[in-house]
Structure formats: structure tokens, C-alpha cells
Colleague: 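Please see the structure below; I have some questions.
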2 protein chains.
Amino acid sequence: MGESAQRPLRADAERSVHAILEAAERVLGEDPAAPMERVAEVAGVARATVHRRFTSRQALVEALADNAVRRLSQAIDDGRPDTAPPLVALHGITANVLRVKTTWSFALDRSTAEGSGTARAQEEIALRCLSLFTRARDAGILDTAADLEWVRRVYYALIGESLRGPDSDTDPDILAERIVRTLLHGFGPRPRASAP
Amino acid sequence: MGESAQRPLRADAERSVHAILEAAERVLGEDPAAPMERVAEVAGVARATVHRRFTSRQALVEALADNAVRRLSQAIDDGRPDTAPPLVALHGITANVLRVKTTWSFALDRSTAEGSGTARAQEEIALRCLSLFTRARDAGILDTAADLEWVRRVYYALIGESLRGPDSDTDPDILAERIVRTLLHGFGPRPRASAP
DNA sequence: TTTAGTTGCGTCTTGGCTGTTGCAATTACT
DNA sequence: AGTAATTGCAACAGCCAAGACGCAACTAAA
């Protein structure tokens, strides 16, 4: 996490940067207009240090988004979207994504903003998601007529909704299960058990 | 729309207030921290007029939320949630809500904030939504085992998602159709047509 | 141990924004 | 037509946040 990628930071500086990023996620997630002084407080550093490490509020938010998207991308890799069975991958990735989003929700929202340095990375993540849904459709898990772009958007919305409300601290695996079930089955009446 | 409910405003003042509310929705929807000067510009009034009509930014946002929730509530009434057949009501209300949310999206987001004067009204709207889903479940449209609170949250998320992205200017009736279909059926493989 | 990097502190400056006010001009209502 | 309400304008005061800077103390790396 070298800020300028020119010379590695000393360990204490690295710790400071990380504390600032975490504090920024917390503080700016509650109020995007919160003063940098508040970010510094929560990070346990001086405001001058925040300014030394991030030249502006925007620079801080961009670094936050960058950091978050990297984690998100890794979480998706860990679910093996291209090799695991589609339904297994879908469950695993969903749970992994929930874990990242639980911690870096604000940053990830900011990472999709048009013009942001991370918008490209988010587009690539969306393509990988669509790719997984294509595999799922080909495996008979999704309806052949489904509009995969709308599926993806609904999927994202379900993830977002799962991170809000009183059950957002439930086990990510359980939330993932509910998301996938909702995505595949909706809420209509269950068909009666018929002979296989 | 008497601001103080004590004496009706003159017609020009009413027009100003309405212009300010619309401008605020636009400007603050793009940047919640935008200066009041900018709201005034877009409204075509002086900043002093904005301040005369709304004592603070917060007062403006509260008025905005109040106005939006009133419209939302009316949109739901118009769909006859307690008397129309459940599926008819669901389609109609969804389309009505989409129309209101298209215009007052920022305001409605703010109307759910904890501690806001409109949070109670939003809770009542949620209860009416749950009531309609109960009717739908009793009519066999929703699965008897469905968790209606999660259904409601997914429904809201689908509405929110429908208002984002490149198709948000599509006819609300078409969007509503898609929302209801997604809610009821999800994206799993379609059962093969079986003999009725 | 030495050296270099990092930090907190305190202070100052600057700019932007908000809120307020009085008054002449404009608009609306009776 | 007369009266009252509304408005734009210009100016001011106050506050807050961001940015910058020098320096002694602290921390980390070699």
C-alpha cells in the first residue's frame, strides 16, 4: 500500500495510512461531509498527518475506493467464478462479497461513481458477474430467457439490501443463501411437489 | 402548501416555494452539500428568498421530505391497496410509486432518515405495503412461507434499482411489470408448461 | 548507535458558506 | 387604485474547514 509507489513507507506510516482509511470509511460513511479533523480523531492521528498522507478529501476518498475495489476483486477471485460449479461459485462469492461490503460499504459506493479511477475496475467486476451468470444459465440454473443485465442489477440490489436493516450482522453465508434463493425463486407460490 | 399554515401565501410566494423545492431536489440530489446559492440559482430566485422561506438547509430538506412523502402516500392511495385485487393493486401502486420516486428520489431517501419528521409516515407506508402483501399471500399470489418483511425490503430494492441505470426513463407501467415479475418469480428456470 | 523518516503541536491564512438586514422595486390581492 | 406582501440586491458578520508551515520529539531501519 505504498501511496506513491516510489518508496515503501516505514511501518509506522503504513499503520497510520491504514488507520486513516478505516477511520475515513467509518466517519465518511456516516457523513460524507464530515471534517477531516474528525477522520483524524477516529484514526488516532493528527489532522496534519491526514493531510500529509492524502492531499485532499478527494484523494482520500479515491484511495479508499481503490483499496475497497481491490479487496472486492480478491473476494471474487476467492470464489473461483470460472472454475467452481456455478451455484457453488455464486454462493461463495456472494458470501465473500458480503464480508467485504460489510466493512467497506461507503468506499464501494464511491468506487462506482462516474469519472472515478475505480469505475473501470467495477465495470470489469460486472463483466465477471455476467460471465458467471452466463455459466449458470448454461447449466440450467437460470432461465434461458432471463435478461442477464437485469439479473446482475437485481443481484447487486439484493446484496445492498442485505447489508441494511436489522439483520445485517447475520452470518454472511446465511445472507448469501437468502440472496441466491430470492434471486432464483422470487416469492411466488411454491409449485406443489410433483413426481420427479 | 402554506408554509406556516397560518396565512395562505400569495400566488407568487407559492410559486417561489415550489420552485425552490424542485431546485433543491435537483441540486441536492446531485450533491447534498451543494451551496444554497446554487439552489437559489436553479430555482431562479435570490438566495435571500431561499433563506426567507426556509430558515436553514435542514429546514429545506425537511420540507422536501415532507412534500415527497405526501405525494408518495397519495400515489399509494390511488392504487387502492385495500380494495383492488391484490395483484392489480400491486401493479398499479408500483407504477404510481415509480412516477413519484422518479421526480422526488432524493427527498424520499431523506424521508426515511431516523429522527426525521417523516420517518413515522414512512413506517406507516411500510405497514400498508405489508398489509397488501398479506392480502396477496392470502390470495395465493405469494408463498405462504415468505417472510413478508424481507419481501417488502426486496420490493423496495427493486423499485430503487429500477430508478437507476439506463432504463429509468422507461414507461413506469413497464418497469412495474418487471418489478412484480421479478418479485414473484425470480430468475430460476421456468417450469415446463404442464397440463392445467 | 546513528541516521532518516514520521509525527503532533500550534499557529496562521484563506476561502466558502450561512444567516441576516434594510430598502426600493415589483407583484398580487381587495 | 390603494395597500400589503414579496422580491432582488448589496453588504456585512461570523463560523468552519482546509491547507500550509516549522520544529522538537518520537519511531523505525540500517
Side-chain angles (χ1 to χ4, degrees), chain A residues 1-65 67 106-107 110, chain B residues 1-65 67 106-107 110 113 116:
Chain A
M1 194 176 283
E3 275 303 313
S4 58
Q6 291 170 8
R7 191 191 64 240
L9 294 181
R10 264 181 25 183
D12 53 352
E14 291 278 8
R15 282 198 302 273
S16 294
V17 167
H18 192 65
I20 293 167
L21 288 177
E22 285 191 335
E25 169 66 35
R26 255 184 71 191
V27 170
L28 301 181
E30 281 169 21
D31 174 13
M36 302 296 257
E37 175 68 56
R38 179 83 185 114
V39 172
E41 267 176 33
V42 169
V45 303
R47 181 169 66 91
T49 301
V50 176
H51 284 293
R52 264 192 290 254
R53 292 291 158 221
F54 304 96
T55 55
S56 64
R57 174 186 295 269
Q58 180 171 347
L60 174 57
V61 170
E62 281 172 6
L64 206 46
N67 166 66
F106 171 76
R110 287 309 178 97
Chain B
M1 195 175 283
E3 275 303 312
S4 59
Q6 291 171 6
R7 190 192 62 240
L9 293 181
R10 263 177 29 178
D12 53 350
E14 292 277 9
R15 282 198 302 272
S16 293
V17 167
H18 191 66
I20 293 167
L21 288 177
E22 286 192 333
E25 168 65 35
R26 254 185 70 191
V27 169
L28 300 181
E30 283 169 18
D31 175 15
M36 303 296 259
E37 176 69 58
R38 180 80 186 119
V39 172
E41 269 175 36
V42 168
V45 303
R47 181 169 66 90
T49 301
V50 176
H51 285 292
R52 261 189 296 253
R53 293 289 159 223
F54 303 96
T55 54
S56 65
R57 175 187 294 269
Q58 179 170 349
L60 174 57
V61 170
E62 282 171 7
L64 205 48
N67 166 65
F106 171 76
R110 286 311 178 98
S116 69

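Order of the sequence lines sets the chain letters (A, B, ...), proteins ahead of strands, with each chain counted from 1.
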Colleague: Could you check which of D:dA28, D:dT7, D:dA18 has an atom nearest any side-chain atom of B:Ser16?
Modeller: D:dT7
Colleague: Choosing from C:dA28, C:dG8, D:dT7, which nucleotide comes nearest the side chain of B:Ala13?
Modeller: D:dT7
Colleague: At less than 3.5 Å, do the side-chain atoms of A:Arg10 and the base atoms of D:dA29 form a donor-acceptor pair?
Modeller: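 Side chain to base: no pair below 3.5 Å.
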Colleague: For residues B:Val39 and B:Arg57, determine if any side-chain heavy atom of one lies less than 4.5 Å from a side-chain heavy atom of the other.
Modeller: no
Colleague: By the 4.0 Å heavy-atom rule, please label A:Ala48 as base, sugar-phosphate, or nothing.
Modeller: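 Counting heavy atoms under 4.0 Å across all strands, the contact made by A:Ala48 includes a base.
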Colleague: So which nucleotide from C:dT7, D:dT6, D:dG19 ends up closest to the side chain of A:Ser56?
Modeller: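 Among the listed nucleotides, the one closest to the side chain of A:Ser56 is D:dG19.
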Colleague: Provide, to the nearest angstrom, the distance between the CD atom belonging to A:Glu41 and the P atom belonging to C:dC9.
Modeller: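 After rounding, the reported distance stands at 11 Å.
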Colleague: If we only count heavy atoms from C-beta on, is the A:Leu60 to A:Thr55 side-chain gap below 4.5 Å?
Modeller: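 No, every pair of side-chain atoms sits at 4.5 Å or beyond.
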Colleague: From C-beta outward on B:Leu9, which listed nucleotide comes closest to its side chain: D:dG19, C:dT20, D:dT6?
Modeller: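 Among D:dG19, C:dT20, D:dT6, the one nearest the side chain of B:Leu9 is D:dT6.
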Colleague: Looking only at side-chain atoms of B:Ala11, point me to the closest of D:dG8, C:dA28, C:dT18.
Modeller: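 In terms of side-chain proximity for B:Ala11, the closest of D:dG8, C:dA28, C:dT18 is C:dA28.
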Colleague: Find which nucleotide of DNA chain C each of B:Asp12 and B:Ala33 is nearest to by heavy atoms, and output the residue with the more 5' nucleotide.
Modeller: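 Whichever sits nearer the 5' end wins; that is B:Ala33.
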Colleague: What does A:Arg52 touch in the nucleic acid at a heavy-atom separation under 4.0 angstrom: a base, only the sugar-phosphate, or nothing?
Modeller: base
Colleague: Scan A:Arg15 against the nucleic acid and name what it touches under 4.0 Å (heavy atoms): base, sugar-phosphate only, or nothing.
Modeller: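 Sugar-phosphate contact only.
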Colleague: Tell me whether the side-chain N or O atoms of B:Arg47 pair up with the base of C:dG19 as donor and acceptor below 3.5 Å, since no angle test is needed here.
Modeller: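 Answer yes: a donor N or O sits under 3.5 Å from an acceptor.
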